[in-house]
2 protein chains.
Amino acid sequence: MATTTAGQRREQARRDYDAYLAGCPTRELLSTLTDKWAALVIAALAGGPQRHSELARRIAGVSQKMLTQTLRTLERDGVLTRTVTASVPTRVDYELTPLGHDLNPVMVSIKTWAETNMDRVFQARARYDARS
Amino acid sequence: MATTTAGQRREQARRDYDAYLAGCPTRELLSTLTDKWAALVIAALAGGPQRHSELARRIAGVSQKMLTQTLRTLERDGVLTRTVTASVPTRVDYELTPLGHDLNPVMVSIKTWAETNMDRVFQARARYDARS
DNA sequence: CAGTATCCCAACGGATACTG
DNA sequence: CAGTATCCGTTGGGATACTG
């Protein structure tokens, strides 16, 4: 057959793109993904849709500006959807797309890794600082 | 028994730390990990030790400054080791620690995700830009 | 080769004020 | 509530020059 599956096409894409190359568009996409706020937002949406204010409360310390900016970028990249409910006051919900759900486990794993290994990192820092 | 395994202690750590909290040290560790250069460096070291110049060549476009800075931070956090061989000219090798090997698959998965899904992101951007 | 030290500009990102 | 706009200090990060 001449037809290719979506999986085959993605496998081909993985071979064609290379984030080690400076000019590759994946380099810029990697920049978007390797972002503290993006990781927390995507992880927070694992359980289902969240309102803007819910995300702001959950991700303590994020500014209005950074939260909106992060959400916009992720919306544009097809990771999440933004749904406006016309009411007073306005209600806006954010939800992961299938692409976003695909990405979610990866982002969660970074956050979990940090939480799980914080102590080991502390010990490493103590050793490093001790001999400097 | 009163003894706890390393696994149990790490599970406890995961419960004690929470990157959603602004003051949590994992928030800052997350910042370090969610870094374009850190991701590429850690991914590049999967196959074994690499010299400074090898890393610089492999990670196209990285500046001397950023590469050294990234390597220093990761060394301090116990992710990799820096080994100096006294010769002329000096030879320096970087290698993942057990902690680094633990982190490696996570970082590789982000890079791979970007390479695999670049096309889907392009399509999403085209749709988003078309209705704006 | 590996690294440090400056210089310097662009961006990141917080604070605040204002709108539908 | 959700978002935009502006101001403004801090940091990121490249370019260049110099050292063991």
Side-chain angles (χ1 to χ4, degrees), chain A residues 19-23 27-41 44-45 49-77 80-95 128 131-132, chain B residues 19-23 27-41 44-45 49-77 80-95 128 131-132:
Chain A
Y20 287 131
L21 305 178
R27 178 68 70 85
E28 176 240 349
L29 177 57
L30 194 64
S31 288
T32 300
L33 300 179
T34 55
D35 176 273
K36 179 179 49 174
W37 301 127
L40 291 173
V41 162
L45 289 174
Q50 295 261 314
R51 301 186 57 174
H52 181 101
S53 54
E54 291 173 322
L55 286 170
R57 227 174 308 115
R58 182 141 189 209
I59 304 171
V62 67
S63 65
Q64 187 94 331
K65 178 183 171 179
M66 288 315 297
L67 181 54
T68 299
Q69 185 175 301
T70 302
L71 288 166
R72 282 292 180 288
T73 302
L74 294 176
E75 183 195 2
R76 178 166 183 265
D77 283 356
L80 50 81
T81 56
R82 176 174 179 273
T83 307
V84 181
T85 304
S87 61
V88 181
T90 316
R91 176 197 177 98
V92 180
D93 287 273
Y94 293 93
E95 184 172 14
Y128 183 92
R131 4 164 308 256
S132 305
Chain B
Y20 287 131
L21 305 179
R27 178 66 70 83
E28 175 240 349
L29 177 57
L30 194 63
S31 287
T32 300
L33 300 179
T34 55
D35 176 273
K36 180 179 47 175
W37 300 127
L40 292 172
V41 163
L45 290 175
Q50 296 262 312
R51 301 187 57 173
H52 182 100
S53 54
E54 291 173 323
L55 286 170
R57 229 173 306 115
R58 181 139 189 212
I59 305 172
V62 68
S63 64
Q64 187 93 331
K65 178 182 172 181
M66 288 315 297
L67 182 55
T68 299
Q69 185 175 302
T70 302
L71 289 166
R72 282 292 181 287
T73 302
L74 294 176
E75 184 195 2
R76 178 167 184 263
D77 283 356
L80 50 80
T81 57
R82 175 173 178 274
T83 307
V84 181
T85 304
S87 60
V88 181
T90 316
R91 176 196 177 98
V92 180
D93 288 273
Y94 293 93
E95 183 174 15
Y128 183 92
R131 4 166 307 258
S132 304

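So you know, we letter chains A, B, ... as the sequences are listed, proteins then strands, and number each from 1. Predicted, not measured: the structure shown is a model, and the values here were computed from it. Only this structure's heavy atoms are used, side chains among them; waters, hydrogens and symmetry mates stay out.
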Quick check: closest heavy atoms across L55(A) and A44(A), and the distance to 0.1 Å? CD2-CB, 3.9 Å
Assuming nearest nucleotide by heavy-atom distance, tell me which of S53(B) and Q64(A) is located more 5' along DNA chain C. S53(B)
Whole-Å distance separating the CG atom of D93(A) from the C1' atom of dA2(D): 12 Å
Testing dG14(D), dG3(C), dG3(D) for proximity to the side chain of H52(B), the answer is dG3(C)
In whole Å, I'd like the distance from the CH2 atom of W37(A) to the C1' atom of dA11(C). 17 Å
Of the candidate nucleotides dG20(D), dG3(D), dA2(D), which contains the atom at the shortest distance from the side chain of R51(A)? dA2(D)
Taking only N and O in the side chain of Y94(A), is any of them less than 4.0 Å away from OP1 or OP2 of dC1(D)? no
Let me know the distance between CG of D35(A) and C1' of dG13(C), rounded to the nearest Å. 11 Å
Considering only side-chain heavy atoms of T68(B), which listed nucleotide, dT4(C), dC1(D), dC1(C), is closest? dT4(C)
Round to the nearest Å and state the distance from L71(B) atom CG to dT4(C) atom C1'. 15 Å
Counting only side-chain heavy atoms from C-beta out, which of dG3(D), dC1(D), dG14(D) sits nearest to M66(B)? dG14(D)
In whole angstroms, how far is the C1' atom of dG3(D) from the CD atom of Q69(A)? 13 Å
Rounded interatomic separation in angstrom, taking CG from L67(A) and C1' from dA2(D): 10 Å
Which listed nucleotide (dT6(D), dG3(C), dG3(D)) is nearest to the side chain of R82(B)? dG3(C)
According to a strict under-4.0 Å criterion, is T90(B) in side-chain N/O contact with OP1 or OP2 of dC1(C)? no
As its Watson-Crick or G-U partner within any shown strand, both distances under 3.5 Å, dG14(C) has dC7(D)
Whole Å only: how far is the CZ atom of R72(B) from the P atom of dG12(D)? 17 Å
Using Watson-Crick geometry (N1-N3 plus N6-O4 or O6-N4) or G-U wobble (N1-O2, O6-N3), each under 3.5 Å, dG20(D) is paired with dC1(C)
Test side chain to side chain contact (heavy atoms under 4.5 Å, CB included), reference V41(B), set T73(B), L71(B), D35(B), output is L71(B)
What verdict does the side chain to side chain contact (heavy atoms under 4.5 Å, CB included) test give for T70(A) and V62(A), after you've listed the backbone C-alpha separation in whole Å, the side-chain angles of each residue and the deciding distance to 0.1 Å? CA-CA 10 Å; T70(A) 302; V62(A) 67; over 6 Å; no
Listed nucleotide nearest any side-chain atom of K65(B), set dG13(D), dT4(D), dA2(D): dG13(D)
Side-chain donor or acceptor of R27(A) paired with backbone N/O of Y20(A) under 3.5 Å: yes
Ignoring hydrogens, what is the shortest heavy-atom contact between K36(A) and S31(B)? Give both atom names and the distance. CD-OG, 3.0 Å
d(CG, L40(B); C1', dG13(D)) in whole Å: 15 Å
